[in-house]
Amino acid sequence: MNKVFLNLGRQPLANSFLKDIKKKTIRNEFFYNLKICFNTKNYLVSIINPVNPKKQYTDKYAHRASESKTMRLAFKKISKKLLKRFRPKKIMEIGSNDGIFLKNFNKKSVIAVEPCKNLARITKKLFKTYDKFWNLKLSNRLIKEKKGEIDLIFSANTISHIPNLKETFTGIHNILSEEGVLVIEDPSLIKVFENNSYDQFYDEHVYVFSSISINNIVKKFGLRLFDVEHLTTHGGSNRYYICKEKGKYKKSSRLKKAMKKEISYKLHKIETYLKFSKRVNLSKKKLYDLLIRLKEKDKKIISYGATYKSTTVFNYCKLNSKIIDYVTDTTLNKQGKYTPGTHIKIISPEQGMNDSVDFAFLGAWNFKKEIFKKERRFLKKGGGFITHVPQVKIIKNK
Ligand code: TYD
């Protein structure tokens, strides 16, 4: 039974940065209602009416994973670790982006699946790439082309983006070798609760998984969760290790511990979700009031990092260019554009992080450490960062 517990209102697609803010462009902007529900049977948290993926994963997809040093290092590390632990001969990635993970392997042993054609074009030059959505049909095609029997299927920040879990996992089961392993990474629900980071909910995150929900879901498709690892990426993620039902892997003690923690946190009870919703409402009010108070004192506020997450915050909290002067972002193809729904200009940090800035809202709060290191001068000169994670506050140099 799905129960709606959070309504984040009318939202645009999180990555639909606008080229201009002419009347016609604004008139054509796509919006949907972002409501989140909890399934009381399998404990799955999801968007109630997800957007059609064909609208989201186009040949203009903005996110290039390799642009972040933190992510490059993280994927290098995990590829080494997986090679050592499972010694796979054939590897496939679902949602390979610009090849950040697969380029760490022998290119003859890998297959990439990436529906965004602009990204697939990059990896096609390096290794076998299917510019398709992952589904049952594609898994059957791989079998026909004798590319089945995959020993390691990896997917980071992608499985939670695909509405149809039945097609996803049946397709995976189809092509996974008998002792093969599926490794998926996605934002962690318990971390969202601990951080009060409601901005993990946006159109692409159709699901925010927990160990207890993944355990229930994969069971239905002849698969079994046997291990989990906690990661710091994307503000707190989980890496789930899954094998076939009869696979040789035993349930790890860290998985038992993680599931126990989720149960003691009451992630299986609707009451927890209703309480979270109240905290989110309060966070919205606090952030809006703080920004208005600073604005009344003539302070200049900008935002740091044109993230997908801040699309949710800006639209939910009704923050526009009257409150936030502009957003800075290092990504070249975001610069010169405008934020989805709220139409705030995005410029480079070189241009935007100058002495006239009093406060910077941490849109990229998941890179807080990296940003504070980079912006030591701003903090030293009395500048302040504003965050809503885990609660609304100003962070200044002590
Ligand atoms: P990301 O972490 O992928 O968040 P989301 O999934 O919510 O979009 O995006 C981080 C963004 O922040 C990315 O566009 C790059 C930008 N950024 C900066 O502008 N400066 C920085 O120092 C860092 C670390 C990131």
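Heavy-atom basis, side chains included; hydrogens, waters and symmetry copies ignored. Read the numbers this way: they start at 1 and go in the same order the structure lists the ligands and their atoms.
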| Test: Arg85 cationic atom under 6.0 Å from Tyr241 six-membered ring centre, within 45° of axis |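 Output yes; distance and angle both within limits.
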
| salt bridge (charged side-chain N to carboxylate O under 4.0 Å, His left out) contacts touching residues 190-213 (sequence neighbours left out) |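 Only Lys191-Glu194, Glu194-Lys261 qualify under salt bridge (charged side-chain N to carboxylate O under 4.0 Å, His left out).
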
| Does Phe276 have any ring-ring contact (aromatic ring centres under 6.0 Å, His included) partners at least two apart in sequence or in another chain, and if so, which? | Phe193

Could you go through ligand 1 and list every pair where one of its N or O atoms sits under 3.5 Å from a protein N or O, giving the atom names and the distance to one decimal?
| from | atom 1 | to | atom 2 | distance (Å) |
| --- | --- | --- | --- | --- |
| ligand 1 | 2 (O) | Asn366 | ND2 | 2.8 |
| ligand 1 | 4 (O) | Lys309 | NZ | 3.1 |
| ligand 1 | 7 (O) | Tyr308 | N | 3.2 |
| ligand 1 | 7 (O) | Lys309 | N | 3.0 |
| ligand 1 | 7 (O) | Lys309 | NZ | 2.9 |
| ligand 1 | 8 (O) | Tyr308 | N | 2.8 |
| ligand 1 | 14 (O) | Asp329 | OD1 | 3.1 |
| ligand 1 | 14 (O) | Asp329 | OD2 | 2.7 |
| ligand 1 | 14 (O) | Thr331 | OG1 | 3.2 |
| ligand 1 | 14 (O) | Lys334 | NZ | 2.7 |
| ligand 1 | 19 (O) | Thr330 | N | 3.0 |
| ligand 1 | 19 (O) | Thr330 | OG1 | 3.4 |
| ligand 1 | 22 (O) | Lys374 | NZ | 2.5 |

| message | Through direct or indirect side-chain contacts below 4.5 angstrom among Ile, Leu, Val, Met, Phe, Trp and Tyr, which residues connect to Met1? | response |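 Via sub-4.5 Å side-chain contacts, Met1 links to none.
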
| task | Could you give me the CA-CA distance, side-chain angles and deciding distance for Phe385 and Phe372, then say whether ring pair (Phe, Tyr, Trp, His ring centres under 6.0 Å) is met? | result | CA-CA 9 Å; Phe385 281 101; Phe372 283 10; 4.9 Å; yes

| request: Indicate whether the side chain of Thr331 and that of Asn333 have a donor and an acceptor atom separated by less than 3.5 Å. | output: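 Per modelled atom types, Thr331 and Asn333 side chains form no pair under 3.5 Å.
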
